[in-house]
Amino acid sequence: MGYLHCCGKLHKARTFKLVPLPKFIICELDFLKHCPVCGHTVVQLTRVTDSDELSTIRKINDKALKFFDSLKSKILYEKKYINYKYASKFYLNYNEFGVKKRCYANLSALKIGLAENR
C-alpha cells in the first residue's frame, strides 16, 4: 500500500509492480481511485533508471483512468502489505526492586537497574 499526495494530505493508494520499461530498472504504479477530500482519481508512475535517476508521471481524473487502462497490460502484480500491529497482553507484576506491585503503575516510570540508596 503506497501513499499519494492529494489535497495537502497523504492518502493510501494501491501499488502495482510493472514490467520494467526500456532503460529503467524499477517501475511502480500508484492508483488512488477516489480522494476523500476532493474526489479526484490520481495515478502516479514512478521509474528508476540504471544511474539512480528518478522520474514520475502523474495524471488526474479522466487522463488518469486512460493512463491506467493503457498500463494494465504491463502490470505484473499488486503489492500487498501486511499489517504487523498487534497488542500484547503482557504485564510486569514486579517493580524495579523485585517486589510485587500493589497497583498498576505505568511501566515507563520504572527505573529498572537502579539500586536503593540507604
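Starting from 1, each residue takes its place in the sequence as its number.
A distance of 5.0 Å separates OG1 in T41 from CG in L65, rounded to the nearest 0.5 Å. To the nearest 0.5 Å, atom SG of residue C27 and atom CG of residue L71 are 9.0 Å apart. Distance check: L18 CG to I75 CD1 gives 6.0 Å after rounding to the nearest 0.5 Å. To the nearest 0.5 Å, atoms NZ (K17) and NZ (K74) are separated by 15.0 Å.
Applying the ring-ring contact (aromatic ring centres under 6.0 Å, His included) test to pairs two or more places apart or on separate chains, those with a residue in residues 17-62 are F31-F68. Listed by first and then second residue, the side-chain hydrogen bond (donor to acceptor under 3.5 Å, both in side chains) pairs involving residues 55-70 are Q44-R58, R47-S55 (not counting sequence neighbours).
Remark: side-chain polar atoms of H11 are not paired, donor with acceptor, to backbone N or O of Y3 under 3.5 angstrom.
Minimum interatomic distance between V43 and A64 (heavy atoms only, all atoms of both residues): CG2-O, 3.6 Å. Nearest heavy atom pair, residue T49 against residue I25, reads O-CD1, 3.5 Å. L32 and K12 make their closest contact through CD1-O, 3.4 Å (heavy atoms, listed as atom of the first residue, atom of the second, distance).
Under the 4.5 Å side-chain heavy-atom criterion for Ile, Leu, Val, Met, Phe, Trp and Tyr, L29 and I26 are members of distinct hydrophobic clusters. When the side chains of ILVMFWY residues are joined at heavy-atom separations under 4.5 Å, either directly or via intervening members, L4 and L45 end up in two distinct hydrophobic clusters. Linking ILVMFWY side-chain heavy atoms closer than 4.5 Å, directly or via other members, places L10 and V42 in two distinct hydrophobic clusters.
Looking at heavy atoms from C-beta onward, L76 lies out of side-chain contact with F16 at the 4.5 angstrom threshold.
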